[in-house]
Amino acid sequence: MEINAVRGTRDILPDENIKWQYIEHIVRNIFARYGYTEIKTPIFERTELFIRGIGETTDIVEKEMYTFLDRKGRSLTLRPEGTAGAIRAFLEHKMFASSPLTKLFYIGPMFRYERPQAGRYRQHTQIGAEALGSINPFVDAEIITMLINIFEHLGLKNLSVELNTVGCKECRPVYRDKLQEYLAASENELCEDCKNRLTRNPLRILDCKVSSCKEIVKNVPDIADSLCSDCQKHFDSVKKYLDLVEIKYIRNKFLVRGLDYYTKTVFEISYENLGAQNAVAAGGRYDNLIEELGGPSMPGIGFAMGIDRLVIAMDDQKISFPKEEVDVFLAIMGEEVAKYAFNLIHILRKNDIHAEVLYENKSLKNQFSYAGKIGSKFVIIAGENEVLKNIITIKNMETKQQSEVNLEEAIAIIKAQVDRLKV
RNA sequence: GUGGGUGUAGCUCAACUGGUUAGAGCAUCAGGUUGUGGACCUGAGGGUCGAGGGUUCAAGUCCCUUCACUCACCCCA
């Protein structure tokens with residue numbers, strides 16, 4: 001019986017992994033410029049953390065967590081998102097005590113027990129960032145501009161930024177009541193799910209995909225008209241900052257996020273051709289979460305983006321990824337020269353040259369064919385002639401020029417042609 | 001958890017209303033060129049037709065069951 005990868009998980013094979021490394025490389029550089037430093041937290045935590053952090057009535061907690069008991073009967077859960085763990089670490093190490101502002105980022109796998117579909121996996125990888133300690137709308141706008149900056153560096157186009165606010169402890173309940181009252185009039189026309197949401201979480205009706213619900217929701221009161229003055233000013237400032245640097249966004253009054261902890265600013269960046277799951281990045285502000293997890297009263301904001309989906313979007317736009325190039329292939333003729341060849345390729349590599357070789361004794365034709373296939377710039381032949389005459393036979397695969405030189409000259413020839421080695 | 005679609009060679013796909021030994025392209029390997037690549041030519045290897053059961057003289061094809069993949073819903077990166 002063949003064992004294969006479990007449902008919703010997959011192997012990232014070398015050809016695709018090149019893309020992942022490239023994305024991570026770009027993202028790390030940009031984070032560095034914005035002052036975000038990397039944190040690694042465990043991929044499993046006590047279940048309690050996610051229940052308190054994400055919210056008991058969210059779908060993630062209710063039905064999507066990979067939860068198990070360890071040998072001592074403690075309930076543990078594979079992390080479904082990154083914020084809760086990052087904040088836990090932030091509090092556990094009292095990072096708030098040594099700095100007024102902490103900016104963290106992380107890259108790693110997340111786990112959700114959902115049915116897989118296009119752009120959705122049970123194990124997927126998120127790149128996330130959290131800015132802890134500032135209530136200033138400056139940060140909200142900055143974090144969105146940072147994301148745009150990342151996408152621009154990756155060469156991704158046609159992304160749309162959607163922006164909304166979900167208010168705070170003061171004004172959200174007011175809006176919630178208003179909304180509930182408005183929707184109650186059409187209760188019988190709502191879908192079954194939304195009938196439940198009406199009492200449990202009316203805000204979620206706003207992004208229901210059932211067309212009849214969409215119709216009902218169309219003229220619903222706008223939360224922007226119910227905000228307290230603090231949230232109102234905050235939202236206005238965020239928009240002004242974005243306008244200032246000419247970042248285009250769409251105000252979407254139906255945008256509400258699935259996690260309970262969000263306050264004020266929420267946003268989502270999506271790409272149309274991804275299929276039904278079209279968000280590549282999303283996030284928002286969470287001004288009560290740190291305190292709810294047992295820390296000081298302290299605001300925060302963060303986002304997460306999915307590498308799996310980024311790769312799909314970049315493939316869709318046919319964005320090319322730089323790949324490692326082979327500088328020289330060493331063709332070995334006959335077993336007698338094995339020692340000579342072993343030493344030679346060792347020296348080449350010590351000189352930072354990417355040298356490849358096939359270990360099996362194959363025909364020269366076959367070896368040249370392979371060198372062409374892997375795109376090697378040069379081929380060096382290690383045969384009896386070379387050993388006897390103590391010379392290096394080197395061929396430039398593009399110009400087809402072949403010459404006999406000594407070792408130093410061979411290295412110089414290669415370095416002159418390979419950008420990476422020129423200094 | 002619910003619904004639709006699809007499972008044939010390493011990959012992409014053929015095989016008419018059931019009918020002999022299941023084919024092709026790409027890839028791989030060998031030879032044409034015994035020390036020289038991409039093109040071309042010739043040839044070779046590679047399949048329990050997803051699995052199990054049933055109908056039939058006969059099943060890749062029809063029926064049932066099951067598994068996997070896939071897309072969509074709920075929800076989300």
Side-chain angles (χ1 to χ4, degrees), chain A residues 1-10 13 15 54 57-65 79-83 106-129 147 191-194 196-197 201 204 207-211 213 255-259 267-271 274-283 302-313 329 331-334 337 360 362-386 393-402:
Chain A
M1 184 182 83
E2 195 180 5
I3 298 175
N4 39 26
V6 312
R7 163 167 278 193
T9 70
R10 62 200 186 114
L13 303 180
D15 279 349
I54 300 168
T57 61
T58 58
D59 277 34
I60 291 180
V61 169
E62 279 184 344
K63 55 183 200 188
E64 294 174 2
M65 295 206 301
R79 63 182 181 194
E81 55 97 55
T83 302
Y106 54 82
I107 299 176
M110 305 297 162
F111 305 84
R112 289 182 202 170
Y113 194 93
E114 311 170 275
R115 284 288 279 272
Q117 72 185 70
R120 176 203 277 167
Y121 308 95
R122 287 185 174 179
Q123 175 178 336
H124 66 280
T125 303
Q126 290 184 7
I127 297 173
L147 271 167
C191 70
E192 284 309 305
D193 286 331
C194 284
N196 284 324
R197 290 179 182 131
N201 197 347
R204 300 302 290 285
D207 68 350
C208 182
K209 281 179 186 168
V210 177
S211 57
C213 294
L255 179 68
V256 288
R257 315 247 48 252
L259 288 67
F267 58 90
E268 199 168 294
I269 299 178
S270 53
Y271 178 62
L274 281 184
Q277 313 305 322
N278 62 2
V280 289
F303 72 82
M305 58 187 190
I307 301 188
D308 307 73
R309 290 182 188 174
L310 267 182
V311 170
I312 297 170
F329 177 83
I332 301 177
M333 295 297 294
V337 300
E360 312 319 316
K362 299 203 175 196
S363 70
L364 192 61
K365 174 181 171 160
N366 188 295
Q367 296 191 67
F368 262 90
S369 169
Y370 183 75
K373 186 189 159 191
I374 63 176
S376 182
K377 287 198 179 62
F378 294 93
V379 169
I380 287 179
I381 300 174
E384 280 180 51
N385 290 345
E386 285 74 16
T393 301
I394 183 166
K395 178 176 180 178
N396 182 319
M397 294 292 275
E398 279 160 43
T399 64
K400 299 183 182 181
Q401 275 184 341
Q402 185 164 316

Distance col, row A:Lys395:NZ vs A:Lys400:NZ, nearest 0.5 angstrom, shows 7.0 Å
Between A:Val61 and A:Ile54 the two heavy atoms that sit nearest each other are CG2-CB, 4.0 Å
With distance as the sole criterion, do the side chain of A:Arg10 and the base of B:rC69 form a donor-acceptor contact below 3.5 Å? no
Minimal heavy-atom distance between A:Leu310 and A:Met305, with the atoms involved, is CD1-CE, 4.1 Å
Sticking with atom P, work out how far B:rC64 lies from B:rU28, rounded to a whole angstrom. 43 Å
Determine the interatomic distance between P on B:rG19 and the same-named atom on B:rG60; round to the nearest Å. 10 Å
Do you know which two heavy atoms are closest between A:Gln367 and A:Ile332, and how far apart they sit? NE2-O, 2.8 Å
Measuring only the P atom in each nucleotide, how far is B:rG1 from B:rA39? A whole number of Å is fine. 49 Å
A:Leu147 and A:Phe267, any side-chain heavy atoms less than 4.5 Å apart: yes
Separation between the P atoms of B:rG18 and B:rG3, rounded to whole Å: 30 Å
Roughly, in whole Å, what's the span from CG in A:Asn278 to P in B:rA72? 10 Å
Could you please name the option among B:rC74, B:rC76, B:rA77 that lies closest to any side-chain atom of A:Asp59? B:rC74
Would you call A:Val379 and A:Tyr370 a side-chain contact if the rule is heavy atoms closer than 4.5 Å? no
B:rU70 and B:rU65: how far apart are their P atoms, nearest whole angstrom? 23 Å
Mapping A:Tyr113 and A:Met305 to their closest nucleotides on RNA chain B, which lands nearer the 5' end? A:Tyr113
Roughly how far apart are A:Phe378 CZ and A:Gln401 CD, rounded to 0.5 Å? 10.0 Å
Toward the 5' end of RNA chain B, by each residue's nearest nucleotide, A:Met333 or A:Lys63: A:Met333
Interatomic distance, A:Arg120 CZ vs B:rA77 P [rounded to whole Å]: 11 Å
Indicate, with a heavy-atom threshold strictly under 4.0 Å, whether A:Phe303 touches base, sugar-phosphate, or nothing. nothing
Check whether any side-chain N or O of A:Arg112 sits under 3.5 Å from a backbone N or O of A:Pro80 as a donor-acceptor pair, and report yes or no. yes
Contact class for A:Glu386 vs. all strands (heavy atom < 4.0 Å): base, sugar-phosphate, or nothing? base
Let me have RNA chain B in dot-bracket notation, would you? Count Watson-Crick plus G-U wobble pairs, both distances under 3.5 Å, and use [ ] for pairs crossing earlier ones and | for inter-strand partners. (((((((..((((.....[...)))).(((((.......))))).....(((((..]....))))))))))))....
For A:Phe111 and B:rC76, give me the distance from atom CZ to atom C1', rounded to whole Å. 16 Å
Gap between atom NE2 of A:His124 and atom CD1 of A:Ile307 - 0.5 Å precision: 10.0 Å
note: A:Ile54, atom CD1; B:rC76, atom P; distance rounded to Å ~ 11 Å
Find the distance A:Glu64:CD to B:rG1:P and express it as a whole number of Å. 13 Å
Closest to the A:His124 side chain, choosing from B:rC76, B:rC74, B:rA77: B:rA77
Could you run through nucleotides 36-42 of chain B and give me one letter per nucleotide, 5' to 3': B if any protein heavy atom sits under 4.0 Å from the base, S if only the sugar-phosphate is that close, - if neither? BBB----
Measure from CD1 on A:Ile374 to P on B:rA27 and round the result to the nearest Å. 17 Å
Strictly under 3.5 Å: I want the nitrogen or oxygen pairs between protein and nucleotides 3-6 of chain B, one per line.
none

When all nucleic acid strands are considered with a 4.0 Å heavy-atom cut-off, which category describes A:Arg204: base, sugar-phosphate, or nothing? sugar-phosphate
Among all residues two or more places apart in sequence or in another chain, which pass the side chain to side chain contact (heavy atoms under 4.5 Å, CB included) test with A:Ser270? A:Ser160, A:Glu162, A:Asn278
Using a cut-off of under 3.5 Å, enumerate the N/O to N/O pairs linking the protein to nucleotides 46-48 of chain B.
none

In this structure, how many angstroms lie between the C1' atom of B:rU70 and the CZ atom of A:Arg7, rounded? 10 Å
All heavy atoms of A:Arg122 vs all of A:Pro116, minimum pair found to be NE-CD, 4.3 Å
Rounded to the nearest Å, what distance is computed from the CG atom of residue A:Leu274 to the P atom of nucleotide B:rC71? 12 Å
Nearest heavy atoms of A:Val256 and A:Asp207, plus distance in Å: O-OD2, 3.5 Å
Could I get the full list of side chain to side chain contact (heavy atoms under 4.5 Å, CB included) partners for A:Ile312, not counting sequence neighbours? A:Tyr121, A:Leu274
Taking atom P in both B:rA22 and B:rA9, compute the distance separating them and give it to the nearest angstrom. 14 Å
If we take the C1' atom in both B:rG23 and B:rU61, what is their distance in whole Å? 15 Å
Just checking A:Gly128: base, sugar-phosphate only, or nothing, at a heavy-atom cut-off of under 4.0 Å? nothing
Nearest-0.5 Å distance, CE of residue A:Met65 to CD of residue A:Glu81: 10.5 Å
If you compare every side-chain N and O of A:Gln277 against the phosphate oxygens of B:rC73 (OP1, OP2), does one of them come in below 4.0 Å? yes
Distance between the C1' atoms of B:rA30 and B:rA72, in whole angstroms? 49 Å
Under a 3.5 Å cutoff, is there a donor and acceptor pairing between the side chains of A:Gln123 and A:Thr9? no
Using only side-chain N and O atoms of A:Gln117, determine if any of them is under 4.0 Å from OP1 or OP2 of B:rC71. no
If you look at every heavy atom in A:Arg79 and A:Pro109, which pair is closest and at what distance? NE-O, 2.8 Å
